[in-house]
Visitor: 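What follows is a single structure, and I will ask about it in a moment.
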Amino acid sequence: MASLPSFAVNATLHKLDPDARKLSPTSLPIEKSLAYQRSPPIPESSSEILARERSPLRPENSSDVLPQPLDVQEAIDILREGNRVESVLYVPLLQQCIDNRTLPDAEILHAHIIKTGTREDLFVSTSLVNVYMKCGATGHARKLFDKLPHRNIVTWTALITGYVHNSRPDCAVEVFIQLLESGVYPTNYTLGAVLSACCALYSIEIGEQVHGYMIKYGIESNTSMGNSLCSLYSKCGSLESAVKAFQRIPDKNVISWTTVISACGDQGDTELGLRLFIEMLSENVEPNEYTLTSALSLCCMVQDLSLGKQVHSFCIKFGCEFNVPVKNAIMYLYLKCGEINEARRLFDEMETVSLITWNAMIAGHAQMMNSAKDDVTAYHSGTEALRMFLKLNRSGMKPDLFSFSSILSICSGLVALEQGEQIHAQTIKSGFLSDVVVSSALVNMYNKCGCIEKATKAFVEMSRRTMISWTSMITGYSQHGRSREAIQLFEDMRLSGSRPNQVTFVGVLSACSHGGMVDKAEYYFNMMKNEYGIEPVMDHYACMVDMFVRLGRLEDAFAFVKKMHFEPNEIIWSILIAGCRSHGNMELGFYAAERLLELKPRGIETYVLLLNMYISAERWHDVSRVRKLMKDEKIGNMRDRSWISIKDKIYYFRADDRTHTQSAEMYEFLESLLEKAKGLGYVPYKSVEISDDEDEEKKFGSTIHHSERLAIIFGLINMAEDASIRVVKNITMCRDCHSAVKFFSLLTKREIIVRDSKRLHKFIDGQCSCGDFGALL
DNA sequence: CGCTCATAAT
């Protein structure tokens, strides 16, 4: 602290203003005390007097000034020698302890204060409470407070504020209640502090009561208090109340506007947020860097780049473009809107890269990976994010919960188990695993990598579970074909009081479908509507149809489709067609195919399914009809891609890929495995070729090797003998590969996991967890 | 002379 006055003052000060101390707030009528305003100019403060005392006319240390302590150390020395210090000096001495956070000095002073009986003095005792609180010694402060012979509202307030600053809002509220019970009137200071406590507690109930006191004492319409209230309601999740509180502020300032705009962002009402931002501009309130950052974030949420660019120009106009949060928000906007090169340029230009910058970059790539239309983009976004995370670690900054949850989601998408496990270790070391979002992301990562046991362990060890964590684990069990566990977990979830959503029910119904549990499926299907008021959507019907198809009950499946109150989509018809092909009911299959073609589907997988069905039935006329349709509809060639993650690298394969250095070895191994498989009864399916080459005609026969085979072979050659093989494939596996890989798992005694665009296949000892029925091509 | 207040980016 720069200019603390020295205390070359003595008892004369006391005489100058003998009554000053009697003007404590409690002696004033409450309304007057509550009239909130900046402190009026202090009549003549000690510092002014001190400044005069220290003027050149009265140089320090001149012989006629008695030696008085200038700072705490000197005061302590004087006390040690058995001398006394004027009681009036204790407050500024304690203030020094507050500024320097020197608890030991304060304790020495405290001891002397008790000895001399100065504790009776309300100023001194309040300062003591304050000093303990500022030094983090909440227990000391409380003990002292309880022993005080006298307290006034300022002492109470010091205690409450202290608890708020020491992250004990619960204690703050408790003390506030004791205060009310003891009949003392709170002041604006007190209520402001309690409001902060409510904010920290996310307690709308107590917040509303404090709001009541504020109305009673007429400080609700104060701008700062109104802003606080608005922020409190927003934090507690009530946007409606937040907006009301905002509207009740008579003199709205830029903070009021920013608070309400960011509240809209936090609560997801982007439309209202943007409307308020425009309203603010039209009322000629100048936005600051906070407002603009919030506005950018809103544009980001609606992915409106053109509006975002306008806000970007506002940033330049108002001179905020170099503000770090603003720059981060601009970068994130371009990233989220898919302008990856522009985002990258902004990123490279930044001279200060904060953790949030890294996190934004990683989260942006995670989102691009998940929403990518094509697998190449997904793959590149994922690997780029992994690189970023590596750089973040090397930069010396410590990843936080945002970094971890994003990067774990990247590992899920890439099925990068080894990287995921390393990050798991890092979350333990850093303590962020205790965060519910991070631990949920971890459960999800293990599930998506096919490690159901590790996922279960991570799930069991969670200290808290949300709807998302439950749903993730239920879906995990379901995808692994562990129907009973999935359903048991769903019942546990209901008992825990967590409310399932649409996605949860997709997990439950697909578990029933997988296990062929018709009665349970119908029971949960009805429960969803009747007990939870969730209307079934296409995915739910797909589960039910899938179930009947698996059981070979094609008529029941069709009957269920007819019950739907909306038109079946591509997925539903595809499931029916795949089922008809499997169970040899071709008449229904042809009917479904006609309905499917009426929808003019865009996805190549759908056409491959149809072609395969007609080829199986040797309906060559229909084969050429579909081929022609594909040409007319400009359906491009199939792009068959797979990848495998080994150590910190990800290897990418196309169908019939021969570009890898180990190609010769790979093909040799592949052919030998296929030969052995044929010896064990493997019969290649006659399917349509899925050609990767741009101009090559699709042809029959099995000369082309699909990408997942190559990725699996690459893994078998390059990974440890006992390691599981994990492969990601961009489209649905075909029957031929599915059958071949079953034999591979038997022949090599390896666990092979293939995650395709529809489901997870876990091959062990010649069996697949999908139950051999999938909407396989 | 002691207690106090609000806004942003992942």
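Below, chain A is the first sequence line, B the second, and so on; all start at residue 1. Quick note: numbers below take in every heavy atom, side chains included, and nothing from hydrogens, waters or symmetry partners. Everything quoted here is computed from the prediction, not taken from an experiment.
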Visitor: With the side chain of A:N288 defined as its heavy atoms from C-beta on, choose the nearest nucleotide among B:dT7, B:dT10, B:dG2.
Guide: B:dT7

Visitor: Among A:Y290, A:F277, A:F246, find the one that has a ring pair (Phe, Tyr, Trp, His ring centres under 6.0 Å) with A:W257.
Guide: A:F246

Visitor: Closer than 4.0 Å, any side-chain N/O of A:H312 to the OP1 or OP2 of B:dA9?
Guide: no

Visitor: Give the rounded distance in Å between these two atoms: CG of A:L333 and C1' of B:dA9.
Guide: 11 Å

Visitor: Separation of A:Q95 atom CD from B:dG2 atom C1', in whole Å?
Guide: 8 Å

Visitor: In terms of side-chain heavy atoms, does A:S294 have a donor or acceptor partner in A:S297 at a distance below 3.5 Å?
Guide: no

Visitor: Between A:F176 and A:W156, is the ring centre distance below 6.0 Å?
Guide: no

Visitor: So what does A:A193 touch, heavy atoms closer than 4.0 Å: a base, only the sugar-phosphate, or nothing?
Guide: nothing

Visitor: Would you please confirm or rule out a distance under 4.0 Å between OP1 or OP2 of B:dT7 and any side-chain N or O of A:N227?
Guide: no

Visitor: Please state how far atom CG in A:D121 lies from atom C1' in B:dG2, giving the value in whole angstrom units.
Guide: 9 Å

Visitor: Any side-chain donor-acceptor pair under 3.5 Å between A:D251 and A:T223?
Guide: no

Visitor: Give the nucleotide from the list B:dA9, B:dA8, B:dT7 with an atom nearest to the side chain of A:I255.
Guide: B:dT7

Visitor: Ring of A:Y189 versus six-membered ring of B:dT4: centres under 5.5 Å and planes under 30°?
Guide: no

Visitor: Indicate whether OP1 or OP2 belonging to B:dT10 is found under 4.0 Å from a side-chain N or O atom of A:S297.
Guide: yes

Visitor: Choosing from B:dT7, B:dT4, B:dG2, which nucleotide comes nearest the side chain of A:T259?
Guide: B:dT7

Visitor: Applying a 4.0 Å non-hydrogen cut-off, can you work out what A:H365 is touching in the nucleic acid: base, sugar-phosphate, or nothing?
Guide: nothing

Visitor: Measure from the side-chain heavy atoms of A:H165 and tell me the nearest of B:dA8, B:dG2, B:dC5.
Guide: B:dC5

Visitor: In whole angstroms, how far is the C1' atom of B:dC5 from the CE atom of A:M225?
Guide: 4 Å

Visitor: Could you please name the option among B:dA9, B:dG2, B:dT10 that lies closest to any side-chain atom of A:L122?
Guide: B:dG2

Visitor: Taking CE from A:M361 and P from B:dA9, how many angstroms apart are they, rounded to a whole number?
Guide: 19 Å

Visitor: Ignoring the backbone of A:S127, work out which of B:dG2, B:dT4, B:dT10 is nearest its side chain.
Guide: B:dG2

Visitor: Measuring from the side chain of A:A329 (C-beta onward, heavy atoms only), which nucleotide among B:dC3, B:dT10, B:dA9 has the closest atom?
Guide: B:dA9

Visitor: Measure from the side-chain heavy atoms of A:S196 and tell me the nearest of B:dC5, B:dC3, B:dA9.
Guide: B:dC5

Visitor: Quick one: sort the A:Y233 and A:H211 rings into parallel, tilted or perpendicular, breaks at 30° and 60°.
Guide: tilted

Visitor: What is the distance from atom SG of A:C97 to atom CG of A:L128, rounded to the nearest 0.5 Å?
Guide: 9.0 Å

Visitor: Salt bridge between A:R248 and A:E220, side-chain N to carboxylate O under 4.0 Å?
Guide: yes

Visitor: Which nucleotide wins on minimum distance to the side chain of A:Y332, given the candidates B:dC3, B:dT10, B:dT7?
Guide: B:dT10

Visitor: Report the residues that fulfil salt bridge (charged side-chain N to carboxylate O under 4.0 Å, His left out) with A:D348, sequence neighbours left out, ordered by chain and then residue number.
Guide: A:R344

Visitor: State, to 0.1 Å, how close A:T293 and A:P325 come at their nearest heavy-atom pair, and which atoms those are.
Guide: CG2-O, 3.9 Å

Visitor: Once you round it to whole Å, what is the distance between C1' of B:dG2 and CD1 of A:I113?
Guide: 12 Å

Visitor: Does B:dT7 have its OP1 or OP2 closer than 4.0 Å to a side-chain nitrogen or oxygen of A:S231?
Guide: yes

Visitor: When the distance from OH of A:Y185 to C1' of B:dC3 is rounded to whole Å, what number comes out?
Guide: 20 Å

Visitor: For the side chain of A:Y290, counting heavy atoms from C-beta on, which of B:dC3, B:dT7, B:dT4 is nearest?
Guide: B:dT7

Visitor: If I take atom CE in residue A:M133 and atom P in nucleotide B:dT4, what distance separates them, rounded to the nearest angstrom?
Guide: 11 Å

Visitor: Does anything in residues 262-286 of chain A come within less than 4.0 Å of DNA chain B? Heavy atoms only, and list the residues if so.
Guide: A:S262

